[in-house]
Structure formats: C-alpha cells, structure tokens
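In what follows, chains are A, B, ... by sequence order, proteins preceding strands, each numbered from 1.
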Amino acid sequence: MLEVKNIQKSFGKLEVLKGVDLQVGKGDVVAILGPSGSGKTTLLRCMNFLERADGGTLVFDGEHYDFPQISKKDVVRLRKKTAFVFQDYNLFRNKTALQNVTEGLIIGRKMPKAQAVETGERALEKVGLLDRRDAYPSQLSGGQQQRVAIARAIAVQPEIIYFDEPTSALDPELTGEVLAVMRTLADEGMTMLVVTHEMGFARHVSNKVVFMEHGEIVECGESHSFFDHPKQARTRAFLQTLSGELTHAG
Amino acid sequence: MERLWDLCVASFWQILIPGPTMTIPLTILSFAIAMVLAVAAALVQFARLPVLRQIARFYIWVIRGTPLLVQLFVVFFGLPHAGILINAFPAAVIVFSVNQGAYCAETVRAALESVPAGQLEAAECAGLTWGQSIRRIVLPQALRTAFPPLSNSLIGLVKDTSLASNITVVEMFLAAQRIAARTAEPLALYIEVGVIYLIFCTVLTKLQRVGEKRLRVYG
C-alpha cells in the first residue's frame, strides 16, 4: 500500500535520514523504535511532507511520487488519504473538540455539515469523549486532547494514520487511555505507522518493528521475532537497556 | 471663572459635533483599511513570498521611518504639484490608513508568529490547504493575540486624527482651535478638547475590555 525508497534528509550539514526504505502493507501496525536523534520523527514528517525530503520516492496506492519534486496539489491530495497524530496533540485551540474533528471533513473534504457532525460525534464516541464535544482543548487533560486528536484522525477515514510519539508528552497515568484507543484501532485493521518509546505497544500491538539509529534502519521485522530473536548486536544492546522497562510494560 | 465655565459649556457642542461627523468616520475608515493592509503585509512576510515580502518590508520601513505629519503634507500639499489633487478628507484617510497599516502589520506579523507551528501543520494534515489553514486556524488565533496591541493602535489613531487639522480637515481639534482664536482663551479650549479626546478613548478602552473578554472563550 505504501512504500518509501531511499528517503534522504539533511538539516544543514547534519544528515538525519541516510537513505531509508520502508514498506507498509494494508492493516499493518508498524512501530518505529530507536534512540533520540535517530531520525524516526523526521522520517514520519517527511512521509507526510511536513518536512521536504531531499531525495527518495514514495509509492502510495500504486502512484509514484518523487519527494523533492512533489507538487503542492499532490501533497494536499495525499494528505487527504492520511492522518497525523502529533506528540503534543496540536488540537486547534480556537475550536471545540467536535469542531476539531469536523474541520477536516467540512473544509478539507467538503462534507455537508450535518453529515460531518454525525461522523465527528461517532469518532468522539469511539475515543470515549462524546460528552466533551463542546469543550475547548484548554479544558481537556493531555490524555483527552490526544484522544480527540485520534478522533480527528479516524474521522476522515484515512488509509493510514501516522503517530509521532503519541504518548511522550503525557503523564504516565494518562498514557494508558491513549494506548487503549490505539490498540482498538489496530484490532479493527487500521493501518498505522507509530513512532514510539512504548515497548509494550511495539511488542504486543504492532505486527512489524523498525529499529532506527543515526538516520538508518538497523533492523526491521515481525515484532515477535524482533523482540525474541534480534539479529543485530545494536538491537540487542538497545533492547537490553530497555529491558527494565520491557518487563514492566510486558 | 464663571465666564470661562460658560465658554466651555457653550463651546462643548461645537467641538463635539465634528466628533461623530469627522473624527469618528476618519478613524473607523482609516483603521478598517489599515487592518486590510496590515494583514496583507503580515501574511506575505509570514508566507515568505519572495517579491511581495520585500515590498512589505520596504513599505513598513518607509512609513515607520517618516513622520505622520510629513506624510500628510506630502499627500495634501505635495501631490497637487505632481498633478494629483486629493481632497482633504480622502487625503487624510489615505495617509492614516497607510501609516497605521505599517505599524499594525508588525503587530499582526508578531501575532502570526506566536501561533505554534503545530497549529498550521495539524490543519494541513487535516486536509486543509495553506490558505484555509491560515484563514480558519492560524489567523483567528493570531488576531486574538493581536487584539490588545491593535486596540492600542486604534486609540492612538483617534488622537492622531487631530493632525488632520493641518490639512484643513475640520475635526474636533480644528474646531477647538478656531474657538480659541476667536475667544482668546487657549488654555480652557485646549484642555476642553483634550478632555473630549479622553472621553472618546475611555469608551474605546471599555470596548477593548469587553472584546478581550469575548475572545477569551477558548481559554
């Protein structure tokens, strides 16, 4: 469904992505792991054109695009097939929870308002926040805001949702509610690409794991074999340092 | 003393009447046009549009770097020598709106930049075009931030309109000046017109407070 080839990105002299390849099939839940500064977030942002990659190609639904040359029109069109969940939620501060969800439907996709409201309410119900539909982001907790952000993502019925460290900005006691929503989505067959530090999620919810370091993919594979039989020494070392967290999360 | 008081009472309406007929229309019209100029000049900079951005910078540089009074004189007394004749009121509107536009452009630009980048990114990821994202998400938030400093500019403009007296616009200050000349009581008359400006600005200050309260709905 989605394939990225040889994606490259530098910020000044710093090479952040050194030619990364990635394949995501329909219904895949891919966890991207790696230490800070490994380029995971940049990879995700380049894939949705929030950063312009210096090189590489994207195949989406059989259509080929060159990252550096893609037109604004194609970017807008492709973004309508995807959704993005940010680390710090980025809910529209001047819109209520429901308006946050319907904005992309009414304005982005020209859906009639009544239908958009209905779709939006269903999405909020799914994340358990229908009763907060008229609340502004400032009136919601971090966990609630992120759940609204997920509702905003699913309401547009995207082919894939990108998650950029969706629980990193949350207090530990609030991560559970967000992960639970993500697990439900995964169970329903939503295609998801998740940059995360949540080893429990990577191990038990995702079916594929990609491990990145220094702008390159060190290892990728099925999640159980990745965790049970890591092939690369670097992966083993990484998992070792997290083993405390692993036993805790697992 | 009693004579002075009577003079003030008698002249009060004569000074006040140019308020609603001249000072207020001049202020509202100029500020409305200024806002359009300000948002446009701020947006082309925010969007980093190559040529337009430089034009905006040039416009702000020239206008902020020259006195308002000089600008009024250039347009009203200077341009006729180049064959461009503009009546006093429209000349004042042009100068005040272009002048305020330059200052407000900086206010709006700063407010646009204060909106977290994630707001624009989230809007674009939701399938909105850049223009839609700005209009529906970024600009409303920016204008809320800009509201107090823009109110400041509006209050400043009310008082600056008194400079239009120099190009024959009969607004409140010129009305007071004429009475002062006729009665030879400059102190009383100029204090009186000052008080009238103060009343106008007090109303605006109150309105600003109401406006800020309403804008606070989303916390």
Between Leu91(A), Asn100(A), Val76(A), the one whose heavy-atom pairs under 4.5 Å with chain B are most numerous
Leu91(A)
Below 4.5 Å from any heavy atom of chain A, which atoms of Ala117(B) appear? Answer side chain, backbone, both or neither.
neither
Tell me, do Phe86(A) and Cys125(B) make a side-chain contact under 4.5 Å, heavy atoms counted?
yes
Answer yes or no: are there more than 12 heavy-atom neighbours, outside Lys81(A) itself, under 6.0 Å from its atom NZ?
yes
Side chain, backbone, both or neither of Arg77(A) within contact of chain B (heavy atoms, under 4.5 Å):
neither
Pairs of heavy atoms under 4.5 Å with chain B: top-ranked of Glu103(A), Arg45(A), Lys95(A)
Glu103(A)
For chain B, the option from Lys72(A), Arg79(A), Arg93(A) that forms the most heavy-atom pairs under 4.5 Å
Arg93(A)
Counting heavy-atom pairs under 4.5 angstrom with chain B, the leader among Asn90(A), Thr82(A), Asn94(A) is Asn94(A)
Among Ala83(A), Ala155(A), Gly108(A), which residue forms the greatest number of heavy-atom pairs with chain B at distances under 4.5 Å?
Gly108(A)
For chain B, the option from Pro158(A), Ala149(A), Gly104(A) that forms the most heavy-atom pairs under 4.5 Å:
Gly104(A)
Does a sphere of radius 6.0 Å around CZ in Phe58(B) hold more than 12 heavy atoms from other residues, nucleotides or ligands, not counting ones at 6.0 Å or beyond?
no
When the 4.5 angstrom heavy-atom criterion is applied to Arg136(B) and chain A, the contacting part is both
To the nearest 0.5 Å, atom CG of Asp164(A) lies from atom CD of Glu121(B) at 9.5 Å
If you look at every heavy atom in Ala122(B) and Arg152(A), which pair is closest and at what distance?
CB-NH2, 3.6 Å
Could you report the tightest heavy-atom contact between Ala123(B) and Phe92(A), atom names first, then the distance?
N-CE2, 3.4 Å
Need one label for Lys110(A): side chain, backbone, both or neither, based on atoms under 4.5 Å from any heavy atom in chain B.
side chain
